[in-house]
Amino acid sequence: KRGWTDVGAVRGKRKLTMERVRTMRQVRSRHEDVVPDIVQQFVVYFYRHIRERNVDEILKMYETSFNKISERFFQGSPWPQADLIAPYVKNDHVFCMLYKELYFRHLYAKQTPTLQERIDSWENYCSLFGVILHGNVNMILPNQWLWDMMDEFVYQFQSFCQYRGKLAMKSEEEITKLKGCGQVWNAISVFNFLQALVDKSGINNILADDVPSDPESFAATQGYGKGSNVLKNLGYYSLLGLLRMHCLTGNYWGALKSIESINIIQPGHLKRVIGASVSLYYYAGFAYMMLRRPTDAMRCFSTVLTQLIRLRKHLPRMACYAQVSKKQEQLYALLAICYSYCSRSRLLDDGVLNTMKDTLGEKIQSMAKGDEAAFDELFTLACPKFVTPSEPSYTEAMANYSQDAFRLQLGIFLTEMTQQHRLSNLSSFLKLYSTISIPKLASIMEIDEKELKVQLLDLKERSETLQWSGSGGPLDGEPISLLDLDFCLDGDLIKIVDHKVERRYGDFFTSHIAKMEEILGDLKVQQHQNTASSTS
């Protein structure tokens with residue numbers, strides 16, 4: 001049966017796994033009772049800046065100091081436990097929860113967390129969000145940290161679902177403990193936390209009333225207004241968390257519904273948090289693609305890829321560079337999939353289009369010919385890490401359920417692409433005629449007339465979709481046709497009208513003028529830097 005393996009081999013692997021866990025715990029125990037001086041200084045100053053609401057210094061310590069200390073002293077081991085650093089921060093309960101959030105995020109990045117550590121991280125998030133939702137929080141934290149916190153929260157849910165589905169590599173003790181963890185990283189609980197943050201922050205009303213031109217607006221201030229920014233900005237990032245959660249569980253309509261208060265054309269609040277911007281357009285574009293709205297998907301992918309091209313000089317210096325680079329590769333793969341069956345180049349920036357053709361030109365040609373392997377490869381590379389939110393069947397302890405959700409979504413996608421290719425052959429025949437009878441076309445295509453009528457109706461339905469017009473929510477749109485032609489049936493006669501899309505020369509010149517201005521601006525900056533350096 002699928003998912004079953006040799007019993008002896010699995011027991012041997014379980015033994016190795018348990019020995020590895022014991023070794024990891026021994027290594028960690030050597031660090032548990034020691035707090036290095038550099039860590040003491042870090043937490044003291046970090047705590048002081050948080051108490052003083054010094055956002056700039058908090059951001060420096062969060063993005064730079066924490067990562068440098070981690071690379072130098074904790075490359076293969078975790079940071080000291082929160083109870084060991086508590087005396088240095090006056091046993092501040094909220095700061096210890098924030099420290100734990102960093103502690104577990106570092107642990108997930110550098111090591112494989114144990115089941116108990118996954119449970120402890122979940123309980124810390126529950127406590128932290130509980131304080132934010134029901135307490136009086138007056139902190140001001142950097143938006144980058146708040147976004148990373150929300151992004152990590154959803155990632156750890158995803159990681160737990162995948163961990164829980166791999167039963168074949170777990171001991172009986174671990175399986176028994178898992179059975180009692182039904183509420184740990186429970187999908188409904190995660191959704192409830194995200195929705196509670198959205199509701200408590202009132203972010204939907206804030207975005208609805210926001211006027212970007214107002215210097216006191218949410219977009220202009222980046223959320224740093226009067227009072228604490230924590231609840232307000234966590235509520236905003238929770239919208240993106242809901243978007244991702246719905247995509248991970250295959251609910252693409254719900255994914256787009258969750259961000260209906262965000263202007264996906266001008267999400268001004270995301271300009272300085274590049275990871276949030278990439279996440280918004282990646283998951284929104286993927287949801288559009290799976291809902292058979294390729295033009296909207298291409299617009300999302302092109303928007304964020306254009307943004308990344310403009311930031312290419314600065315990205316290597318960002319802490320999120322590795323993660324963004326991987327997402328950029330996935331975005332180009334998804335864009336190539338959409339372009340292979342909806343080749344509307346006018347929707348894409350020239351730089352994005354040229355880069356996609358240079359890196360994935362052969363794959364695009366293969367997909368245009370209906371090569372299922374090419375679709376499979378790019379979808380596997382670029383799709384989200386789908387999860388099964390429900391608990392697996394613990395009675396079949398030798399099974400592996402972690403890939404079930406992925407295989408389901410892959411099957412749906414490949415079926416859709418196969419049907420699209422089959423219908424593309426019909427549309428290529430229709431382009432050759434202005435009128436043709438059904439018997440004649442059926443004879444040319446070597447199929448019976450009944451099958452041809454079914455294909456014509458299917459082509460008519462699949463070629464019609466919605467395209468967002470710039471107003472309303474992301475689920476709204478105006479009906480458009482993905483074909484360059486239209487046809488109707490008059491008895492047994494097919495009447496075809498070819499729609500030739502005229503090239504928009506104005507957009508061509510406008511885009512090149514904008515690029516020239518950007519190049520001249522870069523040259524002026526470079527000239528100014530050279531002049532300053534020569535003067536000094």
Side-chain angles (χ1 to χ4, degrees), residues 55-56 58-68 101-102 105 109 141-155 158 203 207 212 218-224 229-230 232-244 247 255 259 262-287 297-335 348-349 351-352 355-356 382 384-385 474 518 521-522 525:
V55 178
D56 292 335
I58 296 171
L59 183 60
K60 289 179 183 177
M61 295 196 71
Y62 170 75
E63 287 193 323
T64 305
S65 302
F66 182 78
N67 289 326
K68 286 184 176 179
E101 196 275 328
L102 294 176
R105 194 193 313 168
L141 297 180
N143 286 341
Q144 184 65 54
W145 188 359
L146 295 174
W147 159 249
D148 290 339
M149 187 187 301
M150 185 56 60
D151 188 53
E152 183 71 14
F153 178 62
V154 179
Y155 165 74
Q158 169 192 309
I203 190 63
L207 293 176
F218 181 72
T221 62
Q222 299 289 303
Y224 296 113
N229 71 324
V230 174
K232 188 189 306 181
N233 284 284
L234 274 180
Y236 184 88
Y237 296 133
S238 292
L239 295 174
L240 306 186
L242 288 169
L243 168 68
R244 181 178 176 183
C247 283
I259 58 167
I262 296 179
N263 186 344
I264 58 178
I265 294 298
Q266 295 179 335
H269 185 63
L270 302 179
K271 289 181 180 179
R272 299 181 187 178
V273 186
I274 187 63
S277 180
V278 171
S279 181
L280 168 64
Y281 288 111
Y282 170 79
Y283 287 105
F286 187 83
M298 292 169 69
R299 175 173 45 80
C300 287
F301 299 145
S302 180
T303 299
V304 69
L305 287 171
T306 303
Q307 182 183 3
L308 293 178
I309 289 175
R310 292 173 180 169
L311 293 174
R312 61 183 177 272
K313 295 180 182 179
H314 308 286
L315 280 176
R317 297 194 296 269
M318 295 182 180
C320 60
Y321 175 65
Q323 184 179 3
V324 170
S325 297
K326 181 179 178 181
K327 270 288 180 283
Q328 189 175 21
E329 182 183 2
Q330 292 178 312
L331 285 163
Y332 274 114
L334 293 174
L335 182 60
L348 307 179
D349 176 81
V352 172
T355 303
M356 179 189 68
K385 305 299 181 185
E518 183 179 350
D522 292 340
V525 172

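Everything quoted here is computed from the prediction, not taken from an experiment.
- Between the side chain of Arg312 and the main chain of Ile309, a donor-acceptor pair closer than 3.5 Å is present.
- Ring pair Tyr236/Phe218 is tilted by interplanar angle, where 30° to 60° counts as tilted.
- To the nearest 0.5 angstrom, Leu207 atom CG is 11.5 Å from Ile259 atom CD1.
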| field | Chi angles and distances behind the side-chain contact (heavy atoms from CB on, under 4.5 Å) call for Leu305, Thr355 | value | CA-CA 10 Å; Leu305 287 171; Thr355 303; over 6 Å; no
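- Between Ile264 and Tyr281, the closest heavy-atom pair is O-OH, 2.6 Å.
- A donor-acceptor distance shorter than 3.5 angstrom exists from the side chain of Asn143 to the backbone of Gln222, with no hydrogens or angles considered.
- Here the NZ atom belonging to Lys385 is positioned 10.5 Å from the OH atom belonging to Tyr155, to the nearest 0.5 angstrom.
- Here the closest non-hydrogen pair linking Gly285 and Ala297 is O-CB, 3.3 Å.
- With contacts defined as side-chain heavy-atom distances shorter than 4.5 Å, the pair Met150/Leu240 does not qualify.
- Note that the OG1 atom of Thr306 and the CG atom of Leu311 stand 11.0 Å from one another [nearest 0.5 Å].
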| What do the steps show when you test Gln323 against Lys326 for side-chain hydrogen bond (donor to acceptor under 3.5 Å, both in side chains), and what is the final call? | CA-CA 5 Å; Gln323 184 179 3; Lys326 181 179 178 181; over 6 Å; no
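- Separation of atoms CZ (Arg244) and OH (Tyr237) is listed at 15.0 Å; rounding is to 0.5 Å.
- With sequence neighbours excluded, the residues forming a side chain to side chain contact (heavy atoms under 4.5 Å, CB included) with Glu63 are Leu59, Gln144, listed by chain and number.
- To the nearest 0.5 Å, atoms OG (Ser238) and CG (Leu243) are separated by 12.0 Å.
- Interatomic distance, Tyr62 OH to Leu141 CG, rounded to the nearest 0.5 Å: 10.0 Å.
- A donor-acceptor contact shorter than 3.5 Å is absent between the side chain of Ser279 and the backbone of Gly275.
- The backbone N or O of Thr303 lies less than 3.5 Å from no partner atom in the side chain of Asp349, so there is not a single donor-acceptor pair.
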